[in-house]
Amino acid sequence: GNSVTQMEGPVTLSEEAFLTINCTYTATGYPSLFWYVQYPGEGLQLLLKATKADDKGSNKGFEATYRKETTSFHLEKGSVQVSDSAVYFCALSAGNTGKLIFGQGTTLQVKP
Amino acid sequence: NAGVTQTPKFQVLKTGQSMTLQCAQDMNHEYMSWYRQDPGMGLRLIHYSVGAGITDQGEVPNGYNVSRSTTEDFPLRLLSAAPSQTSVYFCASSQDVARSRETQYFGPGTRLLVL
């Protein structure tokens with residue numbers, strides 16, 4: 001079946017450091033891939049998405065590229081800020097049921 | 001637009017009690033769903049609905065019931081609460097269920113503690 005695996009956290013970085021959060025997936029067909037972010041005490045909100053191979057999603061300085069050959073969708077940011085501290089979820093959606101399959105989430109803490 | 005709203009924000013139940021978690025959206029979305037979030041497990045799908053009058057089970061449906069009488073509302077019912085149902089519950093909606101690329105919009109969550 002479909003599944004998503006994320007690197008385990010927590011990830012602790014200093015402000016302005018480079019961020020990578022790894023995400024790999026298993027899916028039949030051609031899924032859409034998403035990164036959702038959950039700030040403390042809030043619900044999830046979409047950070048970025050990519051709907052076909054080689055697409056790059058980007059938003060707020062974050063980016064991720066849909067790599068079908070390595071079944072990956074790693075999240076990157078060149079210079080993190082304290083305000084980026086949150087839990088990041090990689091997810092996929094396949095077929096026509098609207099179901100999202102989530103990874104376990106990665107907690108990012110950015111220190112000043 | 002209020003987006004997706006959930007009530008209550010926090011609830012404490014005793015084992016065996018029943019309750020309904022409310023979810024509403026004002027975006028005229030076809031698709032609505034309920035997830036539970038547990039530490040280290042991400043979010044898991046409980047039930048979903050592709051339109052008024054149509055519901056289906058997700059990954060972890062046991063102990064939960066849903067109905068969809070209107071496009072706007074999608075309540076989640078716990079008939080007899082158990083400590084294993086202690087979790088944070090999120091409702092989500094999206095525009096077009098037939099397109100897997102659609103963004104889902106999440107509510108703020110309901111934190112449930114079952115003693």
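Every heavy atom of this structure was used, including side-chain atoms; hydrogens, water molecules and symmetry mates were not. Just so we're on the same page: letters track the sequence lines, and every chain starts at 1.
Atoms CG and OG1, on L47(A) and T103(B) in that order, are 11.0 Å from each other to the nearest 0.5 Å. We find the NZ-CG distance between K99(A) and D56(B) to be 6.5 Å, quoted to the nearest 0.5 Å. Note: S93(A) OG to Q104(B) CD = 6.5 Å, rounded to the nearest 0.5 Å.
Cluster annotation: F73(A) and Y30(A) are assigned to distinct hydrophobic clusters (Ile/Leu/Val/Met/Phe/Trp/Tyr, side-chain heavy-atom contacts under 4.5 Å, transitive). No path of Ile, Leu, Val, Met, Phe, Trp and Tyr side chains, each step under 4.5 Å between heavy atoms, connects V37(A) with V88(B), placing them in separate hydrophobic clusters. One hydrophobic cluster holds both L75(A) and L108(A) under the rule that ILVMFWY side chains link at heavy-atom gaps under 4.5 Å. One hydrophobic cluster, built from ILVMFWY side chains closer than 4.5 Å, holds both Y89(B) and F74(B).
More than 12 heavy atoms of other residues, nucleotides or ligands sit less than 6.0 Å from atom CZ of R44(B). Under a cut-off of 6.0 angstrom, the local environment of CD in E16(A) is sparse, with at most 12 non-hydrogen atoms contributed by other residues, nucleotides or ligands. With a 6.0 Å radius and a threshold of 12 heavy atoms from other residues, nucleotides or ligands, E8(A) has its CD atom at or below the threshold. Residue-environment remark: NZ (K68(A)) exceeds the threshold of 12 foreign heavy atoms within 6.0 Å.
For the pair Y48(B)/L100(A), no side-chain contact is recorded, criterion being any heavy-atom separation below 4.5 Å from C-beta on. Using a 4.5 Å cut-off on side-chain heavy atoms (C-beta onward), Q45(A) and F106(B) make no contact. Using a 4.5 Å heavy-atom threshold, the side chains of F102(A) and Q37(B) count as separate.
Contact annotation for L43(B): both backbone and side-chain heavy atoms come within less than 4.5 Å of a heavy atom of chain A. In this structure, no portion of Y105(B) lies under 4.5 Å from any heavy atom of chain A. Only the side chain of Q38(A) comes within contact range of chain B, judged by heavy atoms closer than 4.5 Å. The contact between L44(A) and chain B is made by backbone and side chain atoms together, counting heavy-atom distances below 4.5 Å.
Put simply, of G42(B), P108(B), G58(B), G109(B), the one with the most heavy-atom pairs under 4.5 Å next to chain A is G42(B).
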